[in-house]
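Report on the following structure.
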Number of protein chains: 2
Amino acid sequence: MCCNMQLTSSPLAGSMGAVSAPLAPAFSPLYQQIKSLILNSLRSGEWKPGEAIPSEMELALRFRVSQGTVRKAIDELAAENLLLRRQGKGTFVATHAEQQVQFRFLKLVPDSGPPGSEGPAQRDIIACRRTRASADIARALALRTGDPVLQARRVLSFAGTPTILEDIWLPAVPFKGLTAERLANYQGPMYVLFETEFNVRMVRAEEKIRAEPASEGREKLLKVERGTPLLSVERIAYTYQDEPMELRRGYYRTDTHHYHNTLG
Amino acid sequence: MCCNMQLTSSPLAGSMGAVSAPLAPAFSPLYQQIKSLILNSLRSGEWKPGEAIPSEMELALRFRVSQGTVRKAIDELAAENLLLRRQGKGTFVATHAEQQVQFRFLKLVPDSGPPGSEGPAQRDIIACRRTRASADIARALALRTGDPVLQARRVLSFAGTPTILEDIWLPAVPFKGLTAERLANYQGPMYVLFETEFNVRMVRAEEKIRAEPASEGREKLLKVERGTPLLSVERIAYTYQDEPMELRRGYYRTDTHHYHNTLG
DNA sequence: TAGTGGTCTAGACCACAGG
DNA sequence: CTGTGGTCTAGACCACTAC
């Protein structure tokens, strides 16, 4: 096939003729290269969240490969929750607006009943300001110390009970134009706002969880006794290409809820 | 193809002609049926953990389908970590003995350094007895109240520091012959013992995590002050077919370690 | 050199959604 | 009815491992 050479030469050629690094992949299947091309289109915003991407046949013609190769590329992207296949309708860019997706990132569920059974969460922004990154914030977001960042603090309440207190840091540049009112007025998942307004889609996140006593005023905001054990959850969220785009430090009450996780 | 009918008739035929239940799947792809057949062989112990299963071509001949169909079935089982593909060598039954697998089930990692960098864990069984299931234990293990169970308590220490205290309940029947000495003498991951000695392979687990103060003697075993916040981790582990086979209630110190989780 | 899994293709047909 | 994704097949060739 003609473009086999074209494709093979683009993503990996640079690292090929370098030095004697026998550990380099030195071989990239066609479908992986197609996957990268699709990923680039997603990243650039050619297809927006919620929209349908071209059909498998169209993509096959566009990339000059067989439909099966495109299929395998899309299969992997769907397995990573970046695309969503719907038989008979098409393949769509995944979005945080879908109900199911919400609970891939919010793991705190009520002790009784399924996730979300306590009704919609109440979100209260209690602070929001523009500041500069301290050393540890900068490291987490792959910035330099002193780079401008947005910082917000909010409380999530379920059935009237304050349950989650979160401090959130965002790099100022990609979120240019995000204001306190904008955040405060938006009632809905934050990641939906991010992807619709700033073309920043959170794809993956890492969390570090500890048990810590309530202190430093957090006990008041969560309405618990000082010293009450809380779940401390630090999250770094990444967009396509593993770029860190958000740091969260959350404190969860676990008297009526628990953090749910599936292993395997 | 001849056996298309054979296969289609076996797993689903019963529920087909029943009543007007339009919610039933009413259609099962061939590769899903092959997947079930392979799963049955795994479950029955036809191929033991660590062993190679027959090659794709052999399985294709055995099931009278094309190699591609077998491949797709194996693909899914490999994605679920039940099988392990090794190019040029074959496909193997996954085992808990592999280094990488250990940390799919133990999510507590040191604050600095990669998982396992503190050296091997020291495992001390401090109690082990045969007893009868209370109501909540029975519910978790899908048993009846009063059914015989094995209960063990152990402490895991890293670099000499007691870090995890766990109570473990197992249904007595599948673990017939498991004694206190057997457990105490075995130095290694418990799930390895289970799969090699009892043909019980843990495939999936659900965890509920809370923050709780140290009490009821746990503070002594973990050598922390009474009231110190601990991570409370309740785990139910499942074998093939989603049968619950183990209940664990663990308490984790999070002063030098944290629970690590990936979302996405 | 032989055997394994991995890739790629081409074509036929099925299931599902919507005009 | 058409177009979409989903399944299944058959065959060719590639990459890796072991003997």
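Lettering follows sequence order; numbering is per chain, from 1. Not measured: the values here are computed from a predicted model. Heavy-atom basis, side chains included; hydrogens, waters and symmetry copies ignored.
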Under the rule for side-chain hydrogen bond (donor to acceptor under 3.5 Å, both in side chains), what residues qualify as partners of B:Arg43, not counting sequence neighbours?
B:Glu243
N or O in side chain of A:Thr69 less than 4.0 angstrom from C:dT9 OP1/OP2
yes
Please confirm whether the shortest side-chain N or O distance from B:Thr91 to OP1 or OP2 of C:dG5 is below 4.0 Å.
yes
Scan A:Gln87 against the nucleic acid and name what it touches under 4.0 Å (heavy atoms): base, sugar-phosphate only, or nothing.
base
Ionic contact status for [Y] with [X], cut-off 4.0 Å:
{"X": "A:Glu207", "Y": "A:Arg248", "result": "no"}
{"X": "B:Lys72", "Y": "B:Glu56", "result": "no"}
{"X": "A:Glu46", "Y": "A:Arg62", "result": "yes"}
{"X": "A:Glu195", "Y": "A:Lys48", "result": "no"}

On DNA chain C, check which nucleotide each of A:Gln67 and A:Tyr31 is closest to and give me the residue with the more 5' one.
A:Tyr31
Describe, in one word, how the ring planes of A:Tyr259 and B:Tyr259 are oriented to each other, choosing from parallel (under 30°), tilted (30 to 60°) and perpendicular (over 60°).
perpendicular
Nucleic acid contacts of residues 70-84 of chain B, taken as heavy-atom distances under 4.0 Å to DNA chain D:
B:Lys72
Out of D:dG5, C:dT7, D:dT9, whichever nucleotide has its closest atom nearest the side chain of A:Pro29:
C:dT7
Nearest to the side chain of B:Arg85 - C:dC8, D:dT7, C:dG5?
C:dG5
